[in-house]
Structure formats: structure tokens, C-alpha cells
Amino acid sequence: MFEKISPAPEDSILGLTEAFKKDSNPNKVNLGVGVYKDGGGQTPVLSTVKEAEERLLRSEATKSYLPIDGLAAYATLSQEIVFGSEHDILRAGRAATVQTPGGTGALRVAADFVRRISPEAIVWLSDPTWPNHPNVFGSAALQVQSYPYFEAESNGVAFDRMLAALENIPAGDVLLLHGCCHNPTGADLSSQQWQEVAALCAERSILPLLDFAYQGFGDGLDEDASGVRIVADHCREFLVATSYSKNFGLYNERVGALTLVADSAEAADAANSHLKICVRTNYSNPPAHGGQIVAEILGDPELRQRWEVELAEMRNRINDMRHLFVETLDQQGAGRDFSFIARQRGMFSYSGLSPEHVQALRDRHSVYIVRSGRINVAGMTEANMDYLCAAIVDVLK
């Protein structure tokens, strides 16, 4: 059987990383993969994560399985960081959370859950969106369609076209929204736009699914949660897929959560029983270590305060690189307005570079960017900025 299998297409982003690793150019720059880098070009382990791990290792007494839905404390703290500890949803018991292997695991559990309760539902994705989104939902045998989101002329959200498309989505379909730091464009909805989208979802009985992978990487923990909380003000039912890969730097621990909000505590409990079946038939129960780290940090006031400082340092570095990138391109005579990059948020931006520019950057300068022109701003450093901008100016000529 296996001799007849043809090679599958290479992942566009992970394949780029492999090519980068093989490149011998000492000046090479990788702006492809979505991983945070510090000023030295490394993905650091946060000091609060190290301390939490040391505590866990000292107190660990078992390696037994976690429950199907994971650590109870982790679920509670995940809900609190998304909604705020005093939110009405939490006081009413309307939320149920399952711990998942990363944000991707949360999306897959959400996909399996939708397929289980409403197999005819269509999942609507922004155009563009994270390239793995259609694969995750398609693999769960769900139909996937897209709605307009990005406007290349303004390098911002094409909100009028987006809203017009959403008004035609049938009741019962699923609308995937990026909670903040839109991947791949870096262009987010304003507060007023969130209000309009949330009201439309409530009016048309559309189920929002918020991919919330970058909380704290835009403007702050509470600021970045404003869109999710606006949806909570309007919609009685929705889903939130959370990732702790970025804001805790826990990439290889695969730490995520799927939170379901229902109209009542009883409905949440009933829906949660189906989430557990989706987990049980997929990976049975989640890994413990990463979730324990998150729960240890969020549950300890002193440790959490220090973590928020570390998170702010990462966020500020990304925003500083955005401004430095724009300034350096201007100083080197790019001849094009890149100021929109300073206005966007999160690790990613659409650079406006064409596939031909991207290929030339790779061939002539060993600068690796996704073919769409999406750049990972966190891959920029003060040390590589001049080289990077000179390379971009060169290919723009």
C-alpha cells in the first residue's frame, strides 16, 4: 500500500524554515515561522516559566493521567484571563473549558464539536486567514467558505465588504474571528466594528468562534480581550480557542484551551459532555506539564505580576521593531509608504511585497518570507534591521 503513496505537499511555512536552516549565508533572516524572537534572535524561556517548572518538579508526586477536560484550576484561570474574573458568564456558570494540545488542538476540538452537533454548518474564514484554518476544519469534514477581510489599498480591514458578506451568512453557520493580532495581516477590528459584528451574529443566530492565540501581544491582556468581551455582551453562545504558545513562550509544550459559552449553566454542562467525547476520541486527555505551568503562574499573584512584566517586554519589543522597520526603510529610500506596519498589531503584517519580491529576497539576500508577503515582525532585530531593509529596497528597485 505505502509504495503507491505520492509525497504530500510541503507545509508552506514549516518548509520555509527547513530551507532557512540549510542556507549557509551568515546574514540570513527568517521572517516566516510564527515564533517570537528576542533582541538576540532567540526564542527565550521566560524566567517565570522556569520558576514555575522548578516548583512543579519539587512538588510533583505522580505522572497519572489528567481528566479528559484537563486541570480544573487551569480551566478556571483560562476563563478568567479571557473574560475577567468577575464576568457575569463566570458567575452564572455558563462557560465550560477543556484543556487542549495547543491552540490548534482547541480549533480541532471545536471543529469536531460543530461537526457532531451541526454537521451541515459552514465555517466562514477571513480572507486571508492562517493557512492551517481551512485544513483543520476541512479535516473534520466541515464545509469552509471565506468572507472579505483585508483591503490591500489601505492595508487595513475591508469592513464594509466584510459586513455585507456577513449579512448573508445563514443562521447556524460558524463565523471564525481572530480575537486580536490578526494572522496574517496584523489588521484588527476597531471597538465599533466589533460591536457591529457581534450584534449581527446575535441577530442572525451565527455562532462566533474566536481564535484567540495572541492575547497580550497587541496592546495588553485586557485591551486585547476587548473584542471577545464585546461578543460576550451580545451573544449568548460562542466558542473561544486560546493558545499559550506566544504569551507564555510555551511553544513546544502545546498548551491551549477551548472555552464554550452557553445560554445557561445547564446548557453548558450538556455541551461540555459532547466536548469531552470529542477529546476522548481524538487524544483521550491533554498533556499535563504545560498546563500546570500556566496554572501555577496565573494562580500565584506575585508570579503572575512578574509574568505580565515579561509579556509587556515581548509586546513592546515587537512594537518597537515595527516602528524601527518603517523608519529604516524610509531612511534607506524604499520609495514606498510602509507606515501601516507601525499601526498594525501582533507578530504579523502583510508587507505588500509580491511573490516575485519574496523570491528575489530569498535568492539574492537569504531573507525568508512567506510567499503571500506576510512577515513575522518578531524575527526582526536591531542587528539585522539594516541588512533586511537594504535587501527589501534592492528588490523593490
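The analysis underlying the following values was restricted to heavy atoms, covering all of them including side chains, and did not include hydrogens, waters or symmetry mates.
- A donor-acceptor pair under 3.5 Å is formed between the side chain of Gln344 and the backbone N or O of Asn155.
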What's the verdict on side chain to side chain donor-acceptor pair (under 3.5 Å) for Gln192 and Ser190, showing C-alpha distance, side-chain angles and the deciding distance? CA-CA 5 Å; Gln192 179 57 40; Ser190 68; over 6 Å; no
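- The closest donor-acceptor contact from the side chain of Ser351 to the backbone of Gly373 lies under 3.5 Å.
- Nearest heavy-atom pair across Phe217 and Cys181 is C-SG, 3.9 Å.
- With sequence neighbours excluded, the residues satisfying ring pair (Phe, Tyr, Trp, His ring centres under 6.0 Å) with Phe150 are Tyr350.
- A salt bridge does not link Arg115 with Asp112: every distance from a Lys NZ or Arg NE/NH1/NH2 to an Asp or Glu carboxylate oxygen is 4.0 Å or more.
- Ion pairing of Asp263 with Arg94 is absent here, as no side-chain N (NZ or NE/NH1/NH2) approaches a carboxylate O to less than 4.0 Å.
- A salt bridge is defined here as a Lys NZ or Arg NE, NH1 or NH2 lying under 4.0 Å from an Asp or Glu carboxylate O, and Arg306 with Glu302 meets this definition.
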Kindly determine whether His178 and Thr185 satisfy side chain to side chain donor-acceptor pair (under 3.5 Å), including the steps that lead there. CA-CA 11 Å; His178 297 232; Thr185 69; over 6 Å; no
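- Among residue pairs with one or both ends in residues 301-339, those qualifying as ring pair (Phe, Tyr, Trp, His ring centres under 6.0 Å) are Phe248-Trp307; sequence neighbours excluded.
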Apply side chain to side chain donor-acceptor pair (under 3.5 Å) to the pair Glu53 and His289, showing each step before the final yes or no. CA-CA 8 Å; Glu53 286 185 309; His289 188 65; 2.9 Å; yes
Please evaluate residues Thr48 and Glu51 with respect to the criterion side chain to side chain donor-acceptor pair (under 3.5 Å), reporting the C-alpha separation (whole Å), side-chain torsions for both, the decisive distance (0.1 Å), and the verdict. CA-CA 5 Å; Thr48 47; Glu51 182 168 333; over 6 Å; no
Steps toward side chain to side chain contact (heavy atoms under 4.5 Å, CB included) verdict (Gln79, Thr76): CA-CA 5 Å; Gln79 292 174 11; Thr76 298; 5.6 Å; no
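- Between Asp224 and Arg345 there is no salt bridge, since none of the side-chain N atoms of the basic residue sits less than 4.0 Å from a carboxylate O of the acidic one.
- In this structure, Ile206 CD1 and Ile122 CD1 are separated by 11.5 Å, a value rounded to the nearest 0.5 Å.
- Among residues at least two apart or in separate chains, ring pair (Phe, Tyr, Trp, His ring centres under 6.0 Å) pairs with a member in residues 351-394 are Phe20-Tyr368.
- Side chain of Thr281 to backbone of Ile277: a donor-acceptor contact under 3.5 angstrom is found.
- When each of Asn183, Val123, Asp211, Thr104 is paired with His133, the side-chain contact (heavy atoms from CB on, under 4.5 Å) condition holds for Asp211 and for no other.
- Under the 3.5 Å distance criterion, the side-chain polar atoms of Arg91 are matched with a main-chain donor or acceptor of Glu86.
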Is there a side chain to side chain contact (heavy atoms under 4.5 Å, CB included) between Leu361 and Ile369? Walk through the geometry before answering. CA-CA 8 Å; Leu361 281 170; Ile369 295 175; 3.6 Å; yes
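- Counting heavy atoms from C-beta outward, Arg108 and Thr100 have side chains that stay 4.5 Å or more apart.
- Not a single donor-acceptor pair under 3.5 Å links the side chain of Asp127 to the backbone N or O of Tyr147.
- Val240 and Phe113 fall into different hydrophobic clusters, where Ile, Leu, Val, Met, Phe, Trp and Tyr side chains are chained together by heavy-atom contacts under 4.5 Å.
- A salt bridge does not link Asp233 with Arg229: none of the charged nitrogens is closer than 4.0 Å to a carboxylate oxygen.
- Although no hydrogens or angles enter the test, the distance criterion places no donor-acceptor pair under 3.5 Å between the side chain of Arg322 and the main chain of Ala342.
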Under the side chain to side chain contact (heavy atoms under 4.5 Å, CB included) criterion, do Val144 and Leu125 qualify, and how do the steps go? CA-CA 7 Å; Val144 174; Leu125 308 174; 3.3 Å; yes
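- Taking CE of Met321 as the reference point, atom CG of Asn376 lies at 12.5 Å (rounded to 0.5 Å).
- Among Asn272, Leu260, Ile68, Asn285, the one residue that satisfies the side-chain contact (heavy atoms from CB on, under 4.5 Å) test with Val98 is Asn272.
- Of all heavy-atom pairs between Ala268 and Gly93, the closest is CB-O, 4.0 Å.
- Judged by distance alone, with hydrogens and angles left aside, the side-chain atoms of Arg204 form a donor-acceptor pair with the main-chain N or O of Ile169 at under 3.5 Å.
- Cluster membership check: Leu107 shares its hydrophobic cluster with Ile117, using side-chain heavy-atom separations under 4.5 Å among Ile, Leu, Val, Met, Phe, Trp and Tyr.
- Across all their heavy atoms, Val114 and Ala121 have their closest contact at CG1-CB, 4.0 Å.
- Between Tyr149 and His182, the distance from one ring center to the other falls under 6.0 angstrom.
- Note that CZ of Arg55 is 9.0 Å distant from CD1 of Ile297, once rounded to the nearest 0.5 Å.
- Without hydrogens or angle criteria, Glu308 side chain to Gly220 main chain gives no donor-acceptor distance under 3.5 Å.
- Here the options are Ile89, Thr259, Val261, Thr242, the test is side-chain contact (heavy atoms from CB on, under 4.5 Å), and the partner is Val82; only Thr242 passes.
- Using a distance-only test at 3.5 Å, with no hydrogens or angles considered, a donor-acceptor pair links the side chain of Thr43 to the main chain of Tyr36.
- Under 4.0 Å is where a charged nitrogen must lie from a carboxylate oxygen, and between Glu313 and Arg317 no such pair does.
- Remark: the backbone N or O of Tyr251 is not paired with any side-chain donor or acceptor of Tyr244 at under 3.5 angstrom.
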